[in-house]
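Chain letters run A, B, ... following the sequence lines, proteins first and then strands; every chain starts at 1.
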Number of protein chains: 2
Amino acid sequence: MKVSFDLLRSESPGLFEDGCPTRAVLDHVMSKWGVLVLMALTDGTRRWGELRRTVDGVSEKMLASTLRTLTADGLVTRTSYPEVPPRVEYALTPLGEELMERMMPLMAWIGDNAAGILESSRGR
Amino acid sequence: MKVSFDLLRSESPGLFEDGCPTRAVLDHVMSKWGVLVLMALTDGTRRWGELRRTVDGVSEKMLASTLRTLTADGLVTRTSYPEVPPRVEYALTPLGEELMERMMPLMAWIGDNAAGILESSRGR
DNA sequence: CGGGATCCGTTTCGATACTG
DNA sequence: CAGTATCGAAACGGATCCCG
């Protein structure tokens, strides 16, 4: 059966209304850098510097802020090793893995169709 | 098999790099209002005023701008009827339907898990 | 009813410099 | 190496007025 917005709301009324927790999660998870960081972590544990290189174009400020948000949301773990030089590793939590299982098909589709989508909007 | 970022990039190198078309699509589709408008359209054709009410909290400016972007991207159709008073209807294109088939499972998961996700980040 | 145009405060973001 | 601090530019977003 087709999954529609009405169907989701019939199961839990008030879903995705203004102020609903889902709105906050949506903002964190679907944000420009949030998606890209989460995606980079689908390959497994990554160090700060690796993420900085993998997530092409991200500034240190945005990477730090994004990782802090995702960690606070319980989607990403941060492990700091008391060494010199310092080493910090990030990884998906089980919750984050669950999320990405559902997001990766979407990203794969976008990867396949992005060129076609932007054909019509060239020049804006 | 598990779908990871590396796997996607092994199929098409340079995916989701800065300046790649996928980045633009990501920004349009995963934007705060873009997601909500697309979701509202999974229920079928909707008039401007319906969308304004359904997408709780959206301003006229943002709704107009979001719909213009999604229409230019070929994900949404805009049909204007030459009547008085004017009537304009929006609907998903086949491409938009395909996209939402992949996005709705994600939204359903967020709906189920949002409360738990935000538990740990309360107070930020 | 369905927008477009404009003004303007707020927030976001990137670049740079600095620190443990 | 892994961040934080600060600043200016830019984008976002709401309010308002207008029009077909």
Side-chain angles (χ1 to χ4, degrees), chain A residues 16-19 23-37 40-41 44-73 76-91 121 124, chain B residues 16-20 23-38 40-41 44-73 76-91 121 124:
Chain A
F16 295 108
E17 277 182 9
D18 201 7
R23 284 288 184 93
V25 174
L26 221 53
D27 282 349
H28 298 177
V29 159
M30 311 284 266
S31 72
K32 178 184 178 64
W33 299 119
V35 179
L36 295 170
V37 168
L41 291 175
T45 299
R46 285 286 177 269
R47 297 185 57 168
W48 163 273
E50 290 179 297
L51 287 174
R52 180 142 177 46
R53 281 187 301 277
T54 305
V55 180
D56 193 27
V58 73
S59 68
E60 297 191 345
K61 178 182 178 176
M62 291 318 295
L63 180 56
S65 138
T66 301
L67 283 170
R68 245 180 284 130
T69 301
L70 295 177
T71 303
D73 284 350
V76 168
T77 59
R78 176 186 188 277
T79 311
S80 165
Y81 297 89
E83 304 171 353
V84 178
R87 179 165 58 104
V88 179
E89 291 185 344
Y90 295 90
S121 64
R124 267 184 316 102
Chain B
F16 294 109
E17 278 183 7
D18 201 7
C20 173
R23 284 289 186 91
V25 174
L26 221 53
D27 282 349
H28 298 176
V29 159
M30 310 285 265
S31 73
K32 178 184 178 67
W33 299 119
V35 179
L36 295 170
V37 167
L38 287 169
L41 290 175
T45 299
R46 285 287 177 267
R47 297 185 56 170
W48 164 273
E50 290 180 297
L51 287 175
R52 182 144 176 45
R53 281 187 301 277
T54 305
V55 180
D56 194 27
V58 72
S59 70
E60 296 192 348
K61 178 183 178 176
M62 283 298 102
L63 180 56
S65 136
T66 301
L67 283 170
R68 245 180 286 130
T69 301
L70 295 177
T71 303
D73 285 349
V76 169
T77 59
R78 177 186 188 277
T79 311
S80 166
Y81 297 89
E83 305 170 353
V84 177
R87 179 166 57 104
V88 178
E89 292 185 342
Y90 294 89
S121 64
R124 269 182 315 102

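- Rounded to the nearest 0.5 angstrom, B:S31 OG and B:M62 CE are separated by 9.5 Å.
- Between B:A40 and B:V55 the shortest heavy-atom distance is CB-CG2, 4.2 Å.
- Pairs passing the salt bridge (Lys or Arg N to Asp or Glu O under 4.0 Å) check and including a residue from residues 24-34 of chain A, sequence neighbours excluded, read A:D27-B:K32, A:K32-B:D27.
- B:Y90 comes within 4.0 angstrom of sugar-phosphate atoms only, judged by non-hydrogen atoms across all strands, and of no base.
- Residues from residues 53-63 of chain A placing a heavy atom under 4.0 Å of any atom in DNA chain C, listed by number, are A:S59, A:E60, A:K61, A:M62.
- Nucleotides of DNA chain D with any atom under 4.0 Å from a heavy atom of chain B span, from 5' to 3', D:dG13 to D:dG20.
- Taking 4.5 Å as the limit, some side-chain heavy atom of B:L67 sits within range of a side-chain heavy atom of B:V37.
- To the nearest 0.5 angstrom, B:L51 atom CG is 11.0 Å from B:L36 atom CG.
- Place B:R87 and A:K32 on DNA chain C by their nearest nucleotides, and B:R87 ends up nearer the 5' end.
- Applying the salt bridge (Lys or Arg N to Asp or Glu O under 4.0 Å) definition to pairs two or more places apart or across chains, those involving residues 44-58 of chain A are A:R52-A:E60.
- Separation of atoms CE (B:M30) and CG (B:L38) is listed at 11.0 Å; rounding is to 0.5 Å.
- Protein chain A contacts DNA chain C over a range whose 5' and 3' limits, counting nucleotides with an atom under 4.0 angstrom from a non-hydrogen atom, are C:dC13 to C:dG20.
- Residues passing the side chain to side chain contact (heavy atoms under 4.5 Å, CB included) test with B:V88, sequence neighbours excluded: B:R78, B:S80, B:Y90.
- Contact record, A:T45 with A:A91: OG1-CB, 3.7 Å, taken as the closest heavy-atom pair.
- For the atom pair CG of A:L63 and OG1 of A:T54, the computed distance is 10.0 Å after rounding to the nearest 0.5 Å.
- If you check every strand for non-hydrogen atoms under 4.0 Å, B:R47 touches sugar and phosphate atoms only.
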